[in-house]
There are 2 protein chains.
Amino acid sequence: MVPVVVTTGVDGRRTGRRPATSAAELEHLALQMFTKRGFEETTVDDIARAAGIGRRTFFRYFASKNDVPWGDFDGQLEVMRASLAAATAGEPMLAVLRRAILDFNTYPPAEGDWLRRRMTLILRTPALQAHSTLRYASWRGVIAEFVARRAGQPVDALAPQAVAATHLGVSVAAYEQWLRAEGADLVALLDEALGLLATGFQAI
Amino acid sequence: MVPVVVTTGVDGRRTGRRPATSAAELEHLALQMFTKRGFEETTVDDIARAAGIGRRTFFRYFASKNDVPWGDFDGQLEVMRASLAAATAGEPMLAVLRRAILDFNTYPPAEGDWLRRRMTLILRTPALQAHSTLRYASWRGVIAEFVARRAGQPVDALAPQAVAATHLGVSVAAYEQWLRAEGADLVALLDEALGLLATGFQAI
DNA sequence: GACATTAGTGGCACTCGGTGTCGAAAGTGA
DNA sequence: TCACTTTCGACACCGAGTGCCACTAATGTC
C-alpha cells in the first residue's frame with residue numbers, strides 16, 4: 001500500500017533530500033485546476049507540470065488522482081474514533097453517534113469554502129463518487145467498531161454494519177442537500193437527517 | 001453513453017450481421033474467469049480471447065469491465081419501480097418499501113449460485129465496490145422517487161434521499177451478512193435489517 | 001446473381017492512470 | 001571530502017477505455 005505521506009514540512013527532519021512540495025500544497029493546486037477545468041479534463045501530467053514536479057513524484061504524494069480531494073481524512077477519522085471511545089457508558093448509543101458525527105463535520109468557518117469545493121467534486125464527479133466508497137469504508141469501520149463494542153456483538157455483525165451504513169447514508173444525503181442550497185447550515189442538515197434516522201422516518 | 005445491449009438472440013432480427021455472442025453469455029464466461037483467477041488478474045483481453053471476439057467488441061457488450069457482473073440490473077429496477085408505483089395509497093410507506101425490496105432480491109433458487117458469485121465479486125473487489133456506487137445510484141433514485149411522491153416532496157429533498165440511502169445501506173449490510181454465512185437466507189436477513197432501520201435501531 | 005442496405009465486428013492507434021526500476025539530486029553529519 | 005539518507009524524476013511498461021474505419025455477414029430487391 002502506498003502510505004500517502006502527509007509531509008508537513010514542520011517536522012525536525014534529520015537527513016536526506018527535502019521534499020519538493022507537500023500533499024497539502026499539491027491538493028490546493030489540483031483542486032483549483034479541477035474546479036476550473038473539470039476533474040476528468042485535468043490529467044495528472046497537467047498537475048505535475050503545474051506543480052513543477054515529475055509525474056512519478058505526484059504518485060508519491062497521492063496514491064491515486066482520486067485521493068487528492070480527501071485531505072487528511074484518515075487523521076480526522078482517528079479523532080472521531082477517539083471521541084467515540086471516550087464516550088461515557090451512560091450516554092445512549094445513538095446520541096453518542098450523533099454528537100460524534102456532528103463534531104466530525106464541524107469545520108472552522110475559514111475552511112468552509114474548501115470543504116464545499118472538495119465535496120462538490122467528490123459528490124458530483126462520477127469517478128470520485130465511486131472512489132468515495134473505498135474511503136467511506138474506514139468511516140463505516142469506526143462507527144461499526146463503536147456500535148459493536150456497545151452492543152457486545154462482532155464488528156462484522158448485521159446490526160453494527162447496518163448502523164454504520166445508515167449513518168453514512170444520511171450524512172451523505174445531508175451533504176448533498178448542503179451543496180444544493182447556497183447558504184445552508186451543514187451541521188443543522190446533518191442533525192435533521194440523523195433525527196429522521198433515529199425515529200425510523202416517522203416524520204415523513 | 002454506451003447502450004449495453006442485451007442481445008437476446010430470440011428477437012426476430014431483420015437484417016445485418018448477427019452478433020457474435022450475447023451479453024449474458026459473455027457475463028457467464030467472464031464471471032467464471034473472475035472467480036477462478038481474480039478480477040484484477042483477468043484482463044479484458046483475456047476475456048475477449050476466451051470468448052473468441054475482439055477486444056473492441058467486448059466494449060460493445062459492456063460499457064466497462066466493471067459492469068460485467070451486474071446482469072440485467074436496470075431491467076430488474078424497472079420491475080421494482082412498477083411495483084412501487086402500483087402500491088395502494090393505504091399501505092404504509094415503509095411497508096411498501098420493505099416488500100418491494102424483498103421482492104427485488106428474491107431470486108429463483110436456480111440463480112442463487114450465480115447471485116452469490118456475482119455479489120461476492122461486487123462486494124469484495126475494491127474496484128467493483130467502488131463502481132457499485134454508480135449502479136446503486138439508480139436504485140436509490142427509484143426509492144427516492146417513490147418516497148417523494150408519497151411525501152409530496154421534491155425527489156432531491158433530504159427525506160426521500162435519506163430514506164433511499166439508508167435502505168440501500170441496510171440492504172448491502174444484509175448482503176454482506178449473507179455472503180459471510182454459507183447457508184443464510186438472504187430475504188430473512190434483508191427483512192431483519194429493514195426491521196432494525198424501521199424501528200430506529202431500538203433493538204440494539 | 002449482382003446490388004444496395006444494414007448491423008455488427010475487430011484491428012489500429014491513441015490517451016490516461018498507475019507501477020517497477022534505477023540512477024541522480026540534494027540534503028545530513030563525520 | 002566521504003558516507004549515508006531521502007526524495008526525485010526519467011523511462012519503460014501494463015491495462016482500461018475510445019475514436020476511427022474498413023470489413024464481414026446478413027437481408028431484401030431488381
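The chains referred to below are lettered A, B, ... by the order of the sequence lines, with proteins before strands, and numbering in each begins at 1.
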For the student: nearest non-hydrogen atoms of Thr88(A) and Arg150(A), plus distance | O-NH2, 2.8 Å

Working to the nearest 0.5 Å, report the span between CG of Leu123(B) and CZ of Arg116(B).
-> 11.0 Å

Is the backbone N or O of Thr21(A) less than 3.5 Å from a side-chain atom of Tyr61(A), with the two atoms forming a donor-acceptor pair by type?
-> yes

Leu189(A) and Leu158(B): which non-hydrogen atoms are nearest, and at how many Å?
-> O-CD2, 4.0 Å

Calculate the interatomic distance between Asn66(A) atom CG and dG17(C) atom P; express it in whole Å.
-> 10 Å

Here the ring pair (Phe, Tyr, Trp, His ring centres under 6.0 Å) pairs for residues 111-130 of chain A, sequence neighbours left out, are His28(A)-Trp114(A)

Please report, rounded to the nearest Å, how far the P atom of dC12(C) is from the CG atom of Asp45(B).
-> 13 Å

Measure distances between side-chain N and O atoms of Thr15(A) and base N and O atoms of dG27(C), and say whether any donor-acceptor pair falls under 3.5 Å.
-> yes

For the residue pair Phe58(A) and Phe62(A), categorise the inter-ring angle as parallel (less than 30°), tilted (30 to 60°) or perpendicular (more than 60°).
-> tilted

Apply salt bridge (Lys or Arg N to Asp or Glu O under 4.0 Å) to Arg99(A) and list each qualifying residue two or more places apart in sequence or on a separate chain.
-> Glu91(A)

Does the salt bridge (Lys or Arg N to Asp or Glu O under 4.0 Å) test come out yes or no for Asp46(B) and Arg49(B), once each step is laid out?
-> CA-CA 5 Å; Asp46(B) 291 337; Arg49(B) 209 175 304 121; 3.5 Å; yes

Between residues 127-136 of chain B and DNA chain C, which residues have a heavy-atom gap below 4.0 Å?
-> none

Take the protein atom CZ of Phe59(B) and the nucleotide atom C1' of dC20(D), then report the distance between them rounded to whole Å.
-> 16 Å

Atom-pair distance (CG on Asp67(A); P on dG17(C)), nearest Å | 14 Å

Minimal heavy-atom distance between Gln177(A) and Asp156(B), with the atoms involved, is OE1-O, 3.0 Å

Rounded to the nearest 0.5 angstrom, the CG-CH2 distance for Leu121(B) and Trp70(B) is 11.5 Å

side-chain N/O Tyr61(A) vs dC8(D) OP1/OP2, d < 4.0 Å = yes

In whole angstroms, the gap separating C1' of dT6(C) from CZ of Arg18(B) amounts to 13 Å

Determine the interplanar angle of the Trp139(B) and Phe104(B) rings, folded into 0 to 90°, and report it as parallel if under 30°, tilted if 30 to 60°, perpendicular if over 60°.
-> perpendicular

Which pairs, protein N/O on one side and nucleotides 28-30 of chain D N/O on the other, fall under 3.5 Å?
none

Protein-nucleotide distance (Ile47(B), atom CD1; dG10(C), atom P), rounded to Å = 15 Å

Spacing of CG belonging to Leu168(B) relative to OG1 belonging to Thr166(A), to within rounding of 0.5 Å | 11.0 Å

Give the rounded distance in Å between these two atoms: CZ of Phe58(B) and P of dG17(D).
-> 8 Å

Could you state the CD-P distance from Glu40(B) to dA16(D), rounded to the nearest angstrom?
-> 8 Å

Which atom pairs link the protein and nucleotides 9-11 of chain D when you take only N or O atoms and keep those under 3.5 Å?
from   : atom 1 : to       : atom 2 : distance (Å)
dG9(D) : OP2    : Gly54(A) : N      : 2.9
dG9(D) : OP2    : Thr57(A) : OG1    : 3.1
dG9(D) : N7     : Arg60(A) : NH1    : 2.9
dG9(D) : N7     : Arg60(A) : NH2    : 3.4
dG9(D) : O6     : Arg60(A) : NH2    : 2.4

Any cation-pi pair here, Lys65(A) with Phe59(A), using under 6.0 Å and within 45°?
-> no

So what is the end-to-end bend of the helix from dG1(C)-dC30(D) to dA30(C)-dT1(D), with 5 pairs used at each end and the value given to 10 degrees?
-> 20°

Stepwise, does the side-chain hydrogen bond (donor to acceptor under 3.5 Å, both in side chains) test hold for Thr106(A) with Asp103(A)?
-> CA-CA 5 Å; Thr106(A) 301; Asp103(A) 282 356; 4.7 Å; no

